[in-house]
Peer 1: 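Okay, handing you the structure first.
Atoms within each ligand, like the ligands themselves, are counted from 1 in listed order. All heavy atoms count here, side chains included; hydrogens, waters and symmetry mates do not.
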Amino acid sequence: MFSRIVHQLKTFAASGRALLRKHIGSHRQSGHGDPRFYEWIKTGKNRLAAHVVDHISEGIVVTDSKQAVQYINKAFTQITGYTEQDIVGRTPRLLSSGKHPPEFYRGMWSDIAGTGKWAGDIWNRRKNGETFLESISITTVRDRSGSALNYIGVFKDVTVQRKLEEQIRFQAYHDSVTRLPNRNLLEERMAASIASVADGDRFMAVLFLDLDRFKRINDTLGHAAGDRLLKTIADRLTGCLVGEATIARFGGDEFVVVVPNLPHTDDSSAIAQKIILLLTSPFYIDQHELYVTVSIGISHYPIDAAEPYMLIKYADQAMYKAKELGRNNFQLYASGEHPPLLQPLSLELSLRRAILNEGLTIHNQPQINAATGEIVGVEALVRWQHPEWGFIAPVHFIPLAEEIGLITLLDQWVLRQACIQAAAWQQQGYAPIRISVNLSMLQFRQPNLGSFIAETLSQTGLAPEYLEIELTESIVMSNPEMTMRTLHQLKEMGIRISLDDFGVGYSSLNYLKKLPIDTIKIDQSFVRDIPQDPDDRAIVQTIIHLSHNLSLSVIAEGVENDEQLHFLKLHECEEIQGYLFSRPLPTEEMTRLLTAAPHLS
Ligand code: C2E
Ligand code: MG
Ligand code: MG
């Protein structure tokens, strides 16, 4: 319907212009801007032409060679509000809206001077002050010598039409709930970016975001609230992404962020981390306090694929890995694995608050040199300081933190606090000791682990040799190739690595030999039964010998009595940790212990 009207207008305009040209032509001989011609138009001597010109819906303006208006038709007045009295003798600049820079008009006039015509859209102002968009074509009438006699402008008001067209285009390329670009627009932009990075040494990152368990919010609060939440999330995301990044909604609870022109692939990890953090603070929808986490998968052009469609598909696959690894994390295409668990909701909410509002604390358990009795290190063990239930041990909430996707935030918090504390003790003049921090599988698999730790060390001022990372045997053995890369990276930074809970997993001796680790930590289940169980004694003895053969040091955890200590010392286990010496202590108590007993025996 719309296009038909436009077509008719065009045909009309063309015939109107043709008529005008013909008659101006036939009056040319009478000279420059011949008044008889305008007289002819006005008095309607040529009835047909006059009728067309006056009833055409397009505005017509004729000026002389100096752009002084000589004639306007009725439609001109209808569109602009200016009458003959207002404008004849003046220039059409009277209508200028000020929206176009002077170069715009200079370009237009230079086209007209060169080719004799110009067509395009101009923002003008009506007599009542309102701006409007006109689509105008300007042609020149020349005399026989080629000098301009008149300029004829034929225009129509396209304000509404353009608005409609824009709306239609917007709808075709945007999501109606969030007003973000949709898949079509995203793929177009990706293709354009690929063309521009094609021969450079830069990367484009595609981040596939899927909100964790968003369906639950939709199911409990309804779709309208779900939509409002999506819009708020979209706004928050848009606010954090700068430069050339595009964020698109892919339907449901999926978003895709494309960042072209990255100097390094690592940069995408920082962006993912930023997005995860950005979503940690609560959303308030209809008086509900809602928490949202997101799983992110990342692919890179040109490393992973060359076509937008494939890049999105790979980022999507990586996102599934992030989900499997416990949600609220990001994964690069081609890495990671882990099964999730289930937990009740209210506990989840209070743990979430504890982690986000620092309702956690760290207890420190000393690690002792078995021969000298010196405190050589402390293990940082997290506690949830619950307002009603007191200190809660990690076994009760670490699996939940993994399930709700907050384990990486928790681990990062612990790591940071531990480094701050270790550096503080050194500054207070205590002999430097190691601080051991446990890392979850998920944290260990974060692609930017190395840079995160490096940053934490530099921010807290702790030298890397005083930081030890404890990884359980099962974490290390779950993906040996990947582990190897990460461990080497940590080793190169000068950090110590300890293999926690050793003996309960299934270490391949072959791997153990190649792993860049410093210490093996004998699991407390073997230590516990040293006095009663000859098998456990044999196992402990074997682990110690094995470690020494591999030039690794050994620490026994869960040492509670003298018999255990005696056996361990006898077999030259270097270090001891357990209730016999100290339970894990709050920081003040640990500091007192460092003051009172720098040498325990
Ligand atoms: P783990 O790394 O093997 O830590 C040793 C656990 O043994 C600690 O339990 C400690 O309190 C306990 N323990 C120490 N000495 C003795 C003893 O003589 N006898 C007995 N029966 N137990 C002793 P906790 O603090 O409950 O931690 C349990 C586990 O939670 C840790 O095992 C570690 O895997 C995990 N964990 C603790 N803090 C963190 C953390 O910040 N991040 C992560 N990801 N995991 C943590
Ligand atoms: Mg440990
Ligand atoms: Mg352990």
Side-chain angles (χ1 to χ4, degrees), residues 325-326 329 338 351 354-355 358-368 377-385 390-422 434-446 449 453 456 467-476 496-505 517-531 540 543 554-565 568 575-586 589-590:
L325 275 160
N329 75 99
H338 194 64
L351 177 58
I355 293 171
E358 309 206 335
L360 301 174
T361 191
I362 292 175
H363 283 180
N364 310 271
Q365 188 173 37
Q367 298 175 332
I368 314 293
V378 291
E379 179 174 7
L381 294 157
V382 68
R383 298 289 178 266
W384 176 4
Q385 212 166 357
F391 290 126
I392 305 173
V395 24
H396 300 296
F397 64 88
I398 293 256
L400 175 57
E402 279 170 348
E403 143 69 2
I404 61 178
L406 286 178
I407 188 68
T408 52
L409 279 182
L410 181 148
D411 277 353
Q412 288 172 4
W413 183 83
V414 172
L415 181 79
R416 200 178 153 71
Q417 296 306 312
C419 292
I420 290 173
Q421 190 53 60
R434 258 180 359 230
I435 190 121
S436 301
V437 177
N438 297 281
L439 285 193
S440 65
M441 160 99 85
L442 191 59
Q443 179 62 22
F444 183 61
R445 295 264 180 265
Q446 290 299 295
L449 178 70
I453 295 181
T456 308
L467 176 64
E468 185 172 71
I469 297 297
E470 289 196 10
L471 296 164
T472 63
E473 202 187 352
S474 50
I475 295 179
V476 169
R496 294 178 57 91
I497 295 154
S498 171
L499 207 51
D500 205 352
D501 300 348
F502 188 81
V504 294
I517 53 174
D518 302 279
T519 306
I520 279 187
K521 200 166 185 184
I522 308 171
D523 186 60
Q524 50 184 286
S525 61
F526 304 108
V527 176
R528 188 186 310 128
D529 291 333
I530 285 176
V540 169
I543 296 176
V554 199
I555 179 167
E557 64 179 349
V559 180
E560 296 185 352
N561 57 51
D562 284 321
E563 265 181 284
Q564 294 162 338
L565 176 66
L568 291 161
E575 289 177 19
I576 304 290
Q577 179 181 350
Y579 295 169
L580 179 63
F581 299 99
S582 172
R583 289 184 169 263
L585 302 171
E589 280 186 64
M590 185 64 219

Peer 1: Pull out every atom of ligand 1 sitting under 4.0 Å from any heavy atom of Gly578, numbered as shown with elements.
Peer 2: 15 (N), 18 (O)

Peer 1: To make sure I understand the geometry: which N, O or S atom in Glu557 is closest to the Mg ion (ligand 3)?
Peer 2: OE2

Peer 1: If the cut-off is 4.0 Å to any non-hydrogen atom of Gln365, which atoms of ligand 1 fall inside it?
Peer 2: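 Once the distances to Gln365 are compared, the set is 14 (C), 15 (N).
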
Peer 1: Does the side chain of Gln577 pick up a donor-acceptor pair with the side chain of Gln367 at under 3.5 Å?
Peer 2: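 Gln577 vs Gln367: donor-acceptor pair found between side chains.
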
Peer 1: Could you list which atoms of ligand 1 come closer than 4.0 Å to a heavy atom of Ser440?
Peer 2: 44 (N)

Peer 1: Which heavy atom in Tyr579 sits nearest to a heavy atom in Pro584, and how many Å separate them?
Peer 2: CE2-CD, 4.0 Å

Peer 1: Among all the protein's non-hydrogen atoms, which is closest to atom 43 (C) of ligand 1, and how far away is it?
Peer 2: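 For atom 43 (C) of ligand 1, the nearest protein heavy atom is Asp411 OD1, 3.4 Å.
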
Peer 1: Can you tell me if Lys521 contacts ligand 1 (heavy atom of the residue under 4.0 Å from the ligand)?
Peer 2: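 In this structure, Lys521 fails to qualify as a contact of ligand 1 - no heavy atom is under 4.0 Å.
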
Peer 1: Can you name the closest pair of heavy atoms from Ala422 and Ile435 and give their distance?
Peer 2: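 So the minimum-distance heavy-atom pair works out to CB-CG2, 3.9 Å.
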
Peer 1: Side chain to side chain contact (heavy atoms under 4.5 Å, CB included), that's the test. Do Ile522 and Glu557 meet it? Break it down for me.
Peer 2: CA-CA 6 Å; Ile522 308 171; Glu557 64 179 349; over 6 Å; no

Peer 1: If you take all heavy atoms of Arg445 and Ile475, which pair is closest and at what distance?
Peer 2: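 Nearest pair, atom of Arg445 first, then Ile475: NH2-O, 3.3 Å.
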
Peer 1: Suppose we measure from atom 10 (C) of ligand 1 to each protein heavy atom; which comes out shortest, and what is that distance?
Peer 2: Leu381 CD1, 3.8 Å

Peer 1: Is atom 30 (O) of ligand 1 near the protein, in the sense that some protein heavy atom lies at less than 4.0 Å from it?
Peer 2: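 Flag for atom 30 (O) of ligand 1 set to true, protein heavy atom closer than 4.0 Å.
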
Peer 1: Could you check which of Val527, Asp501, Ile576 puts a non-hydrogen atom nearest to atom 3 (O) of ligand 1?
Peer 2: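 Considering heavy atoms of Val527, Asp501, Ile576, the nearest to atom 3 (O) of ligand 1 sits in Asp501.
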
Peer 1: Please determine whether salt bridge (charged side-chain N to carboxylate O under 4.0 Å, His left out) holds for the pair Arg583 and Glu560, giving the CA-CA distance in whole Å, both sets of side-chain angles, and the decisive distance to 0.1 Å.
Peer 2: CA-CA 10 Å; Arg583 289 184 169 263; Glu560 296 185 352; over 6 Å; no

Peer 1: Quick one: which ligand 1 atoms are inside 4.0 Å of a heavy atom on Arg383?
Peer 2: 11 (O), 25 (O)

Peer 1: Over all heavy atoms of both residues, which pair between Glu473 and Asp501 is shortest? Give the atoms and the distance, please.
Peer 2: OE1-O, 3.7 Å

Peer 1: Restricting to non-hydrogen atoms, name the atom on Ile362 and the atom on Ala380 that form the minimum distance, rounded to 0.1 Å.
Peer 2: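 Smallest heavy-atom distance, with atoms named: CG2-CB, 3.7 Å.
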
Peer 1: Before moving on, can you tell me the angle at the Mg ion (ligand 2) between the OE1 atom of Glu470 and the OD1 atom of Asn438, to the nearest 10 degrees?
Peer 2: 90°

Peer 1: Note the single closest protein heavy atom to atom 32 (O) of ligand 1, along with its residue, its atom name and the distance in Å.
Peer 2: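 Residue, atom and distance for the closest contact: Asp500 OD2, 4.6 Å.
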
Peer 1: Within a distance under 4.0 Å of any heavy atom of Glu470, pick out the atoms of ligand 1 and give their elements.
Peer 2: 2 (O)

Peer 1: Which N/O/S atom belongs to Asp500 and is the closest one to the Mg ion (ligand 3)?
Peer 2: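 So the atom name we want here is OD1.
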
Peer 1: Name of the Asp501 N, O or S atom nearest the Mg ion (ligand 3)?
Peer 2: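 The atom in question is OD1.
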
Peer 1: Would you sort out whether Ile469 and Leu415 count as a side chain to side chain contact (heavy atoms under 4.5 Å, CB included), showing the intermediate values?
Peer 2: CA-CA 9 Å; Ile469 297 297; Leu415 181 79; 4.1 Å; yes

Peer 1: What protein heavy atom sits nearest atom 19 (N) of ligand 1, and how far away is it?
Peer 2: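 Looking at atom 19 (N) of ligand 1, the protein heavy atom closest to it is Glu560 OE2, 2.4 Å.
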
Peer 1: Report yes or no: do Glu379 and Asn438 form a side-chain donor-acceptor pair below 3.5 Å?
Peer 2: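 On atom types as modelled, these side chains qualify, holding a pair under 3.5 Å.
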
Peer 1: State whether any protein heavy atom lies less than 4.0 Å from atom 24 (P) of ligand 1.
Peer 2: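 It does; a protein heavy atom is within 4.0 Å.
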
Peer 1: Looking only at protein heavy atoms, which one is nearest to atom 16 (C) of ligand 1, and how far off is it?
Peer 2: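 The protein heavy atom lying closest is Tyr579 CE2, 3.2 Å.
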
Peer 1: Name the closest protein heavy atom to atom 38 (N) of ligand 1, giving the residue it belongs to and the distance to 0.1 Å.
Peer 2: Val382 N, 3.2 Å

Peer 1: Report the atom name of the nearest N/O/S atom of Glu379 relative to the Mg ion (ligand 2).
Peer 2: OE2

Peer 1: What closest approach, in Å, do Ala401 and Leu351 show between heavy atoms, and which atom pair accounts for it?
Peer 2: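 Smallest heavy-atom distance, with atoms named: N-CD2, 3.8 Å.
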
Peer 1: Would you mind telling me if ligand 1 is within reach of the side chain of Glu557, the backbone, both or neither, using heavy atoms under 4.0 Å?
Peer 2: side chain

Peer 1: Within the 4.5 Å heavy-atom criterion, are Leu381 and Gln365 side-chain neighbours or not?
Peer 2: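 Yes, close enough: below the 4.5 Å cut-off.
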
Peer 1: Identify, by atom number and element, the atoms of ligand 1 in contact range of Pro394, meaning under 4.0 Å from any of its heavy atoms.
Peer 2: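 Answer, ordered by atom number: 24 (P), 25 (O), 26 (O), 27 (O), 28 (C), 30 (O), 37 (C).
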
Peer 1: May I ask you to list the atoms of ligand 1 that are less than 4.0 angstrom from any heavy atom of Val414?
Peer 2: 41 (O)

Peer 1: For residues Asp500 and Thr472, is any side-chain donor paired with an opposing acceptor at under 3.5 Å?
Peer 2: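 No pair is found: no donor N or O on one side chain lies under 3.5 Å from an acceptor on the other.
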
Peer 1: In terms of residue, atom name and distance, what is the protein heavy atom nearest to atom 6 (C) of ligand 1?
Peer 2: Gln524 NE2, 3.6 Å

Peer 1: Mark the output for Glu379 as yes if a heavy-atom distance to ligand 1 is under 4.0 Å, and as no if none is.
Peer 2: yes

Peer 1: Considering only the protein, which heavy-atom contact is closest to atom 34 (O) of ligand 1, and what is its distance?
Peer 2: Asn438 OD1, 4.3 Å

Peer 1: Which atoms of ligand 1 are found less than 4.0 Å from any heavy atom of Pro584?
Peer 2: 11 (O)

Peer 1: Are the side chains of Val559 and Leu568 in contact, using a 4.5 Å heavy-atom criterion?
Peer 2: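 Side-chain contact under 4.5 Å: yes.
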
Peer 1: Take Leu360 and Trp384, measure what side chain to side chain contact (heavy atoms under 4.5 Å, CB included) needs, and give me the verdict at the end.
Peer 2: CA-CA 5 Å; Leu360 301 174; Trp384 176 4; 4.1 Å; yes

Peer 1: One residue to check: Leu580. Relative to ligand 1, which of side chain, backbone, both or neither has a non-hydrogen atom less than 4.0 Å away?
Peer 2: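 Answer for Leu580: neither.
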
Peer 1: For a side chain to side chain contact (heavy atoms under 4.5 Å, CB included) check, start with the C-alpha distance between Ile497 and Thr519, then their side-chain angles and the critical distance, and finish with the verdict.
Peer 2: CA-CA 7 Å; Ile497 295 154; Thr519 306; over 6 Å; no

